[in-house]
Number of protein chains: 2
Amino acid sequence: MVYQDKKQVDEKDISLKLFVVLNRAMQSIKKQIEEDIKRYGLNQTEFAVLELLYHKGDQPIQKIGSKVLIASSSITYVVDKLEKKKLIRRKPCPNDRRITYAVLTEDGKELMRTIFPEHKEAIHDILGGVDIDEKKMMIDQLKKLGTYANKDRS
Amino acid sequence: MVYQDKKQVDEKDISLKLFVVLNRAMQSIKKQIEEDIKRYGLNQTEFAVLELLYHKGDQPIQKIGSKVLIASSSITYVVDKLEKKKLIRRKPCPNDRRITYAVLTEDGKELMRTIFPEHKEAIHDILGGVDIDEKKMMIDQLKKLGTYANKDRS
DNA sequence: AAAATATATCTCGAATTCGAGATAATTATA
DNA sequence: TATAATTATCTCGAATTCGAGATATATTTT
């Protein structure tokens with residue numbers, strides 16, 4: 001192929017542009033949200049773990065990894081930190097001795113009851129750049145993007 | 001306020017959902033792109049720096065930081081790595097002795113000439129989950145989101 | 001039942017990023 | 001001009017994340 005169809009080239013430029021803009025937007029948003037969470041003495045990963053336990057109840061440590069999307073070695077690290085802060089504790093599974101559950105302590109629950117609504121409010125504020133219909137549209141499109149990206153394209 | 005307007009609550013849920021979906025999609029996409037770049041023995045930050053120099057020419061090290069969105073200490077680290085790989089070199093600025101330019105070496109240029117088109121193709125493939133019109137729409141919306149997120153909301 | 005395979009968690013070292021602060025050079029102010 | 005403030009880069013130590021591999025337990029296969 002000596003030359004590429006003009007339209008093809010344009011489309012690739014659009015894709016590249018989308019990636020760049022996605023990156024930028026994400027970084028801005030994450031930075032703001034990180035800022036909010038820092039007020040509670042937590043980082044995003046720690047918060048995500050607490051949020052998971054708060055909404056879904058006790059979880060095997062390994063499940064946490066797949067939901068929060070981090071490597072198993074990283075979970076050990078985060079769970080250690082949260083345990084030191086007395087926000088969660090480890091509880092062995094009686095049926096399967098390989099498994100350890102992460103469980104919110106009373107302190108952890110209390111903290112989440114307080115900060116989760118505030119956090120939700122903060123996210124809503126930070127994402128105020130588009131209206132609700134646009135958000136719904138973006139959710140659909142982002143789901144498609146994410147699902148497709150995970151597919152094997154080789 | 002004893003209760004919150006139902007609509008308000010829903011809207012906050014949508015915002016939260018958008019954030020979650022955005023995170024997920026981004027992580028999937030980044031992972032795939034990282035994978036592609038790894039084939040060239042680079043990571044995303046290194047690639048971003050090379051790309052910047054390739055498209056915008058020599059840059060003061062500090063400018064690189066603001067474009068690629070990393071801290072000054074991190075740039076020093078990345079520039080060191082790329083210099084060791086002989087893909088860029090440091091060049092002092094004659095007018096302002098505080099400034100050091102990062103400059104693509106011939107090897108660096110050659111590499112980018114080869115891999116940039118491939119990389120662009122890969123991104124296009126990875127982002128195949130939505131069509132071009134949806135991409136254009138997302139670009140606009142993401143720009144709005146990003147700009148707004150950067151605003152001071154305190 | 002023994003052997004092989006799979007699963008859950010953890011340890012370790014490496015890579016990457018950050019923030020605080022040091023240093024040197026430049027620009028603005030008194 | 002001397003002083004103060006700003007700017008560009010770098011150093012250092014800490015935080016976070018990862019992947020490879022270790023260990024213990026459970027499940028599947030022979």
Side-chain angles (χ1 to χ4, degrees), chain A residues 23-24 26-28 30-35 37-38 40-50 52-53 58-85 88-103, chain B residues 23-24 26-28 30-35 37-38 40-50 52-53 58-85 88-103:
Chain A
N23 246 320
R24 289 240 172 83
M26 200 57 204
Q27 195 145 353
S28 303
K30 275 200 145 180
K31 192 163 185 178
Q32 298 296 322
I33 291 180
E34 185 85 56
E35 195 98 349
I37 293 176
K38 211 184 295 173
Y40 320 126
L42 300 169
N43 67 27
Q44 281 193 67
T45 310
E46 293 171 312
F47 189 89
V49 171
L50 292 178
L52 177 67
L53 299 182
D58 307 352
Q59 300 283 323
I61 282 183
Q62 171 266 141
K63 278 274 178 193
I64 298 176
S66 55
K67 306 265 184 146
V68 179
L69 302 180
I70 55 175
S72 71
S73 49
S74 306
I75 309 176
T76 300
Y77 173 74
V78 178
V79 168
D80 280 351
K81 275 181 61 189
L82 290 172
E83 206 171 25
K84 272 177 206 141
K85 293 179 182 176
I88 70 176
R89 62 187 181 80
R90 284 178 162 91
K91 190 181 87 175
C93 171
N95 305 328
D96 186 335
R97 290 174 28 193
R98 290 171 302 181
I99 297 177
T100 304
Y101 286 96
V103 178
Chain B
N23 247 320
R24 289 242 172 82
M26 201 56 205
Q27 194 145 354
S28 303
K30 275 199 147 183
K31 192 162 183 178
Q32 298 297 322
I33 290 180
E34 185 85 56
E35 195 98 348
I37 292 175
K38 212 184 295 174
Y40 320 126
L42 300 168
N43 67 27
Q44 281 194 68
T45 310
E46 293 171 314
F47 190 89
V49 171
L50 293 179
L52 177 66
L53 300 181
D58 306 353
Q59 300 283 324
I61 281 182
Q62 171 265 142
K63 278 273 177 195
I64 298 175
S66 55
K67 306 265 184 146
V68 178
L69 302 180
I70 54 175
S72 70
S73 49
S74 306
I75 310 178
T76 300
Y77 173 73
V78 178
V79 167
D80 280 351
K81 274 181 61 188
L82 289 172
E83 206 172 25
K84 272 177 206 141
K85 293 180 183 176
I88 70 175
R89 63 188 181 79
R90 285 178 161 91
K91 191 182 86 175
C93 171
N95 305 328
D96 186 335
R97 290 173 29 191
R98 290 170 304 181
I99 297 177
T100 304
Y101 285 96
V103 178

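To find a chain, count down the sequence lines: A is the first, B the second, and so on, and within it residues start at 1.
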Open item on the list: Tell me the interatomic distance from Q27(A), atom CD, to dT17(C), atom C1', rounded to whole angstroms.
Closed with: 11 Å

TODO: Tell me which residues in residues 68-76 of chain B put a heavy atom below 4.0 Å from DNA chain C, sorted by number, or none.
DONE: I70(B), A71(B), S73(B), S74(B)

Task: Between dT16(D) (P) and F47(A) (CZ): distance, integer Å - done: 16 Å

Task: Qualifying side chain to side chain donor-acceptor pair (under 3.5 Å) pairs with a residue from residues 71-83 of chain B, counting only residues at least two apart or across chains - done: E46(B)-K81(B), D80(B)-R90(B), E83(B)-R90(B)

Task: Nearest heavy atoms of G65(B) and I75(B), plus distance in Å - done: CA-CD1, 2.9 Å

- [ ] When you get a sec, tell me which of dT9(D), dA26(D), dA25(C) is the closest nucleotide to the side chain of R97(A)?
- [x] dA26(D)

TODO: When you get a sec, tell me which of dT26(C), dT9(C), dA26(D) is the closest nucleotide to the side chain of D96(B)?
DONE: dT26(C)

Open item on the list: Can you list everything that forms a side-chain hydrogen bond (donor to acceptor under 3.5 Å, both in side chains) with Q44(B)? Sequence neighbours excluded, please.
Closed with: E34(B)

Task: N or O in side chain of T45(A) less than 4.0 angstrom from dT17(D) OP1/OP2 - done: yes

- [ ] Would you mind classifying the nucleic acid contact of D80(B) as base, sugar-phosphate or nothing, using non-hydrogen atoms under 4.0 angstrom?
- [x] nothing

Open item on the list: Output the rounded distance in Å from CD1 (I37(B)) to P (dT16(C)).
Closed with: 13 Å

- [ ] Output yes when at least one side-chain N/O atom of K81(A) is less than 4.0 Å from OP1 or OP2 of dA15(D), else no.
- [x] no

- [ ] Would you kindly give the CD1-to-C1' distance between I99(A) and dT23(D), to the nearest whole Å?
- [x] 16 Å

Open item on the list: Between V78(A) and P94(A), which residue's closest nucleotide on DNA chain D lies nearer the 5′ terminus?
Closed with: V78(A)

TODO: To the nearest 0.5 angstrom, please state how far the CD1 atom of I64(A) sits from the OG1 atom of T45(A).
DONE: 12.0 Å

Open item on the list: From CZ of R90(B) over to C1' of dT9(D), roughly how many Å is that when rounded to an integer?
Closed with: 9 Å

TODO: Using the closest heavy atom to pick a nucleotide of DNA chain C for each, name whichever of N43(B) or Y101(A) lands nearer the 5' end.
DONE: Y101(A)

Open item on the list: A side-chain contact here means heavy atoms from C-beta on lying under 4.5 Å apart; do Q62(A) and T100(A) qualify?
Closed with: no

- [ ] Starting from P on dC12(C), measure out to OH on Y77(A) and report it in whole angstrom.
- [x] 15 Å

Open item on the list: To the closest 0.5 Å, what do you measure between CG (D58(B)) and NZ (K91(B))?
Closed with: 5.0 Å

Open item on the list: More than 12 heavy atoms of other residues, nucleotides or ligands under 6.0 Å from NZ of K85(A): yes or no?
Closed with: yes

Open item on the list: OP1 or OP2 of dA8(D) versus the side-chain N and O atoms of R98(B): is any pair under 4.0 Å?
Closed with: no

- [ ] Let me know the distance between CD of Q44(A) and C1' of dT17(D), rounded to the nearest Å.
- [x] 14 Å

TODO: Specify the separation, in whole Å, of atom CD of E46(B) and atom P of dT16(C).
DONE: 6 Å

